[in-house]
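Structure record follows, encoded as structure tokens.
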Amino acid sequence: MNMSDLNTTLNRLYDTAVPDRNDIVSLLSISDADELKQLFTFADHVRKQHVGDGVLLRGIVEFSNFCGNNCAYCGLKKDNTTINRYRLSVDEILQSIGQIYSSSIRTVVLQSGEEHSIDAEWMAKLLKKIKSRFDIAVTLSVGERSYEDYELWRKAGADRYLLKIETTDKQLYNSLHPDMSFEKRIDCLRTIKQLGYQSGTGCIVGLKGQTIETLANDIMFFAAEQFDMLGIGPFIPHQDTPLKDDDPGELDMILKTLAVTRIVTKDTHMPATTAIGSLNSGDERLKALQCGANVMMPNYTPQPYKKDYEIYPGKRCIDEPSGACANCMEQMAQSIGRYIDYSRGDSLKTSSATTIQ
Ligand code: SF4
């Protein structure tokens, strides 16, 4: 593609309500350095125009690494007996949230493996306690649950819910997720939206069997559904999983996916994920922030548990004290002319599409 054609494609993609899949495919196929630069610069402008220069912080507390599933790419999978399983007490969780709140961060993400034994009432009580003590947005990321559980937690004060689709290729999804189903995943996302959560999903880039067309379909799905939050991260092989010998996701493909997603979804909150930062020795989150991302997630999981939440190996900053990342992120943002936005960072979408079929 010459530069003029690229410019035309970028503007057409930005201007149309329903993106042309062929445009997405051609942008994801770019490999020339100058063309990549043009794509990333365009996405960065869209980010600036629609979500501004602030980098939102979401304090994450990984409160349990128990999981009842066996996702093929994940170190927390049920059958991995090599990791030390832990579950934080309510007091430990509240203490961690207190630390987040004292750092002026106004969103906590409570994340765990898909622990089927988490009692819905236990979670509802925890949510009520959090809401009575802190003026803070709560995002849950605890996997697939029943309509009743999602409803109970929403009523108890949960504001947002993250449930990554991982891939919209049904066959690939089912091959990676034994005893789970693509339909159920979609059903849960539909419920989350219907119940008025600010909803988030996302995909993994670099899975074996994934193609540019697959990723284009993921982006088409994101554009159609206008999720409030989208997380795009790399596949990183974990030594204790069946995918241990697969290659990790390529940085350029991850950044291209992020950039094109920003262009078509415009005002979605998109993190520079810790997984991107863990891809190699440099911190690639800076690049992610410069091609569409506007969120970072400092880790407030207390020590000594951080290292045990190992979905993928080589995770960045697991030896740091809880919350140490927030200061570092301030410097990262400043180094690229941005600033940390300490607001709650609620959704900027004016209406949430509920069109998932
Ligand atoms: S990806 Fe989530 S649900 Fe799947 S095994 Fe890992 S922690 Fe469990």
Side-chain angles (χ1 to χ4, degrees), residues 57-69 71 74-78 80 83-103 105-134 136-146 149-150 152-154 156-164 188 192 197-198 200 202 229 231 233 271 273-275 295-312 315-326 344:
L57 295 187
R58 320 291 204 194
I60 186 162
V61 181
E62 299 151 333
F63 68 91
S64 163
N65 68 355
F66 283 91
C67 187
N69 290 337
C71 305
C74 180
L76 302 189
K77 65 201 292 286
K78 177 177 68 175
N80 183 7
I83 60 168
N84 174 43
R85 301 279 174 180
Y86 72 89
R87 184 180 302 124
L88 301 187
S89 66
V90 167
D91 282 348
E92 284 174 314
I93 296 171
L94 291 172
Q95 243 172 41
S96 299
I97 298 173
Q99 214 187 338
I100 290 170
Y101 194 79
S102 307
S103 309
I105 297 171
R106 292 295 177 262
T107 290
V108 57
V109 180
L110 291 177
Q111 189 168 68
S112 71
E114 194 170 300
E115 194 184 345
H116 301 138
S117 60
I118 288 183
D119 180 53
E121 290 293 344
W122 175 88
M123 177 61 85
K125 272 190 201 151
L126 172 64
L127 287 163
K128 284 179 187 161
K129 268 192 190 148
I130 294 168
K131 287 297 188 168
S132 68
R133 291 190 194 181
F134 307 103
I136 198 166
V138 180
T139 304
L140 292 179
S141 175
V142 302
E144 296 177 9
R145 302 288 297 206
S146 66
D149 290 355
Y150 286 137
L152 179 71
W153 297 343
R154 179 81 186 101
D159 302 276
R160 308 176 189 146
Y161 206 99
L162 299 176
L163 187 72
K164 287 174 86 176
C188 286
I192 288 162
Y197 284 95
Q198 294 173 41
M229 305 165 286
T273 61
T274 307
V295 174
M296 295 189 86
M297 300 177 74
N299 192 330
Y300 283 82
T301 306
Q303 295 290 21
Y305 304 112
K306 267 186 175 184
K307 67 177 182 329
D308 295 322
Y309 203 87
E310 194 189 67
I311 291 177
Y312 54 85
K315 191 170 170 187
R316 182 164 275 280
C317 306
I318 51 170
D319 295 324
E320 313 292 324
S322 164
C325 309
R344 276 170 55 114

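Side chains are part of it too, since the values below use all heavy atoms of this structure and drop only hydrogens, waters and symmetry mates.
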Donor-acceptor pairs under 3.5 angstrom involving side-chain atoms of residues 122-131: please list them, not counting sequence neighbours.
{"from": "K131", "atom 1": "NZ", "to": "I136", "atom 2": "O", "distance (Å)": "2.8"}
{"from": "K131", "atom 1": "NZ", "to": "D159", "atom 2": "OD2", "distance (Å)": "2.8"}

Item to check | Steps toward side chain to side chain contact (heavy atoms under 4.5 Å, CB included) verdict (Y300, C325) | outcome: CA-CA 9 Å; Y300 283 82; C325 309; over 6 Å; no
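Between the CD1 atom of I100 and the CD1 atom of I105 there is a distance of 6.5 Å, given to the nearest 0.5 Å. For the atom pair L76 CG and C67 SG, the distance stands at 7.0 Å (nearest 0.5 Å). Note: R106 CZ to R344 CZ = 10.5 Å, rounded to the nearest 0.5 Å. With rounding to the nearest 0.5 angstrom, the CG atom of L140 is 11.5 Å from the CG atom of L163. We find the CZ-OH distance between R133 and Y101 to be 13.5 Å, quoted to the nearest 0.5 Å. Between atom OG1 of residue T107 and atom CE of residue M297 there is a gap of 9.5 Å, rounded to the nearest 0.5 Å.
Defined by atom type and a distance below 3.5 Å, a donor-acceptor pair is present between the side-chain atoms of D308 and N84.
F66 pairs by the ring pair (Phe, Tyr, Trp, His ring centres under 6.0 Å) definition with nothing, not counting sequence neighbours. Under the salt bridge (charged side-chain N to carboxylate O under 4.0 Å, His left out) criterion, R58 pairs with no residue, sequence neighbours left out. Shown here are the side chain to side chain donor-acceptor pair (under 3.5 Å) partners of T301, two or more places apart in sequence or in another chain: E62, N299. Q99 pairs by the side chain to side chain donor-acceptor pair (under 3.5 Å) definition with S322, not counting sequence neighbours. Under the side chain to side chain contact (heavy atoms under 4.5 Å, CB included) criterion, E320 pairs with K306, C317, A324, not counting sequence neighbours. Residues that satisfy the side chain to side chain donor-acceptor pair (under 3.5 Å) test with S141, not counting sequence neighbours, are Q111. S117 is linked by a side chain to side chain contact (heavy atoms under 4.5 Å, CB included) to R87, E115, counting only residues two or more places apart in sequence or in another chain. Partners of Y309 by ring pair (Phe, Tyr, Trp, His ring centres under 6.0 Å), not counting sequence neighbours: none found. Applying the side chain to side chain contact (heavy atoms under 4.5 Å, CB included) criterion to L88, with sequence neighbours excluded, gives V61, F63, Y86, E92, I93, P302, Y305. With sequence neighbours excluded, no residue forms a side chain to side chain donor-acceptor pair (under 3.5 Å) with D91. Residues forming a side chain to side chain contact (heavy atoms under 4.5 Å, CB included) with R145 (at least two apart in sequence, or on another chain): I118, A120, D149, Y150, W153, Y161.
Scanning all heavy atoms of the two residues, the minimum distance from Y197 to A158 falls at CE2-CB, 3.7 Å. For the pair E310 and K307, the tightest heavy-atom approach, listed with the atom from each and the gap, is CB-O, 3.8 Å.
Remark: side-chain polar atoms of Y312 are not paired, donor with acceptor, to backbone N or O of G75 under 3.5 angstrom. A donor-acceptor pair under 3.5 Å is formed between the side chain of R85 and the backbone N or O of N65.
No side-chain heavy atom of K78 sits less than 4.5 Å from a side-chain heavy atom of N69. Taking 4.5 Å as the limit, every side-chain heavy atom of M229 sits out of range of all side-chain heavy atoms of V295.
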